[in-house]
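What follows is a single structure, written as structure tokens, with notes after it.
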Amino acid sequence: MWCVMHVEDGNEIRAERFVGRLLGDGSGGRCFHLTRLRNKKYGGKWRTVREELLPGYVFVVTDEPEELYQGLRKVPGYGLLGDGGGHVITLGQREADFMEKISGKGSRAGEIALSGIEIGKDGKITVLSGPLLQVRDSVRRINLHRRVAEVETELMGEKRLLHLGVELRNV
């Protein structure tokens with residue numbers, strides 16, 4: 001199950017370490033915050049930078065959300081987003097599937113890679129590689145000037161527009 005934890009902006013890595021200790025090595029759980037790779041132009045040159053996608057949010061994938069919640073309740077300053085009744089908020093299946101598609105697994109979990117695109121002679125944009133291949137139907141627009149794809153999805157009960165990085169490829 002995917003759970004969402006809200007922390008102060010800038011404390012995501014600290015929260016990941018803390019939750020990692022709570023989960024333990026044998027739990028099979030994962031804890032991470034989402035970062036995206038994106039191309040930006042500095043001094044006339046394109047450079048790949050890493051940015052926070054959802055600052056202040058840490059995602060926890062675990063089969064034991066209640067145990068995690070009980071452990072976090074004992075420590076002030078950490079909280080899972082809930083309904084006020086002290087329950088752990090888990091993402092719905094559609095939301096969790098979307099997050100799995102864009103965020104990856106393993107050592108790169110939480111890092112959203114660049115998606116390769118090409119522009120055809122007719123001006124049509126084609127996605128060649130990366131996370132956009134998995135969520136092609138959710139892409140609302142590709143902003144070539146900023147080198148981002150605007151992806152619309154429902155996340156944590158709200159419609160959100162996520163900006164994922166793209167890079168132009170010459171084929």
Side-chain angles (χ1 to χ4, degrees), residues 1-25 27-42 45-63 65 68 72 78 80-81 89-118 125-156 158-169:
M1 288 185 183
W2 280 65
C3 304
V4 183
M5 188 169 83
H6 186 256
V7 298
E8 289 183 34
D9 289 358
N11 286 330
E12 293 90 356
I13 294 173
R14 199 173 121 208
E16 286 176 30
R17 290 181 187 138
F18 178 77
V19 171
R21 288 191 300 268
L22 273 179
L23 291 173
D25 292 334
S27 72
R30 299 184 287 148
C31 180
F32 54 90
H33 66 287
L34 293 175
T35 58
R36 66 175 169 209
L37 295 180
R38 179 174 169 215
N39 286 327
K40 282 191 167 185
K41 199 170 200 177
Y42 295 106
K45 294 184 180 180
W46 287 100
R47 303 176 197 281
T48 301
V49 296
R50 181 177 282 114
E51 299 175 334
E52 303 291 327
L53 183 64
L54 297 167
Y57 292 99
V58 175
F59 294 87
V60 183
V61 180
T62 179
D63 291 332
L68 175 65
L72 290 173
Y78 291 101
L80 293 177
L81 296 179
I89 283 295
T90 56
L91 296 182
Q93 190 60 47
R94 266 179 82 180
E95 295 170 321
D97 289 344
F98 177 84
M99 297 304 287
E100 285 284 348
K101 288 176 183 176
I102 68 167
S103 69
K105 295 181 181 178
S107 63
R108 290 288 192 199
E111 182 177 275
I112 302 170
L114 291 169
S115 294
I117 62 170
E118 76 171 345
I125 296 174
T126 305
V127 177
L128 302 173
S129 64
L132 288 183
L133 277 175
Q134 302 293 319
V135 295
R136 195 176 300 137
D137 297 339
S138 300
V139 175
R140 294 293 162 246
R141 174 179 110 115
I142 294 181
N143 184 331
L144 295 174
H145 178 72
R146 292 186 60 216
R147 298 290 199 267
V148 294
E150 297 174 358
V151 179
E152 186 178 62
T153 187
E154 188 164 317
L155 191 60
M156 296 177 279
E158 298 178 10
K159 280 209 183 267
R160 295 185 187 257
L161 194 60
L162 304 178
H163 295 91
L164 305 182
V166 297
E167 66 180 344
L168 292 172
R169 299 222 178 118

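If you read the sequence from its start, that first residue is 1, and numbering goes on from there.
With sequence neighbours excluded, no residue satisfies side-chain hydrogen bond (donor to acceptor under 3.5 Å, both in side chains) with Thr126. The side-chain hydrogen bond (donor to acceptor under 3.5 Å, both in side chains) check on Asn143 picks up nothing, with sequence neighbours excluded. Applying the side-chain contact (heavy atoms from CB on, under 4.5 Å) test to Val127 and every residue at least two apart in sequence or in another chain returns Ile117, Leu132, Leu133. Checked against salt bridge (Lys or Arg N to Asp or Glu O under 4.0 Å), Lys40 has the following partners two or more places apart in sequence or in another chain: Glu51. Applying the salt bridge (Lys or Arg N to Asp or Glu O under 4.0 Å) rule to Arg141 yields the partners Glu150; only residues at least two apart in sequence or on another chain are considered. A search for side-chain hydrogen bond (donor to acceptor under 3.5 Å, both in side chains) contacts involving Glu158 returns nothing, not counting sequence neighbours. In this view, Glu167 and Arg169 satisfy the salt bridge (Lys or Arg N to Asp or Glu O under 4.0 Å) rule, not counting sequence neighbours. The salt bridge (Lys or Arg N to Asp or Glu O under 4.0 Å) test applied to Glu152 returns Arg140, not counting sequence neighbours. Remark: Ile13 pairs with Arg17, His33 by the side-chain contact (heavy atoms from CB on, under 4.5 Å) rule, at least two apart or across chains.
The shortest non-hydrogen separation linking Leu114 to Pro131 is O-CD, 4.1 Å.
The environment of Met99 atom CE is dense: over 12 non-hydrogen atoms of other residues, nucleotides or ligands sit within 6.0 angstrom. Counted within 6.0 Å of CZ on Arg160, heavy atoms from surrounding residues, nucleotides or ligands total more than 12; the atom is thus considered enclosed.
Between the CZ atom of Phe32 and the CD atom of Glu12 there is a distance of 13.0 Å, given to the nearest 0.5 Å. Rounding to the nearest 0.5 angstrom, the gap separating the CE atom in Met1 from the CG atom in Asp63 is 8.0 Å. Atom CG of Leu34 is separated from atom CG of Leu54 by 5.5 Å, given to the nearest 0.5 angstrom. Between the CD atom of Gln93 and the CH2 atom of Trp2 there is a distance of 11.5 Å, given to the nearest 0.5 Å. Here the CZ atom belonging to Phe59 is positioned 11.0 Å from the CD atom belonging to Glu16, to the nearest 0.5 angstrom. With rounding to the nearest 0.5 Å, the separation of CD1 in Ile112 from CG in Leu164 is 5.5 Å.
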**OP:** Would you please test Leu144 and Leu168 for side chain to side chain contact (heavy atoms under 4.5 Å, CB included) and show each step?
**Re:** CA-CA 9 Å; Leu144 295 174; Leu168 292 172; 4.0 Å; yes
Subject >> side chain to side chain contact (heavy atoms under 4.5 Å, CB included) between Glu154 and Phe98, worked out >> reply: CA-CA 9 Å; Glu154 188 164 317; Phe98 177 84; over 6 Å; no
Subject >> Test log, rule side chain to side chain contact (heavy atoms under 4.5 Å, CB included), inputs Glu111 and Arg50 >> reply: CA-CA 9 Å; Glu111 182 177 275; Arg50 181 177 282 114; 2.4 Å; yes
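Contact annotation: the side chain of Glu100 never approaches that of Gln134 to less than 4.5 Å [non-hydrogen atoms, C-beta and beyond]. Contact of the Arg36 side chain with the His163 side chain is registered, since non-hydrogen atoms from C-beta on lie closer than 4.5 Å. Side-chain atoms of Val58 and Asn11, non-hydrogen and from C-beta on, never get closer than 4.5 Å to each other.
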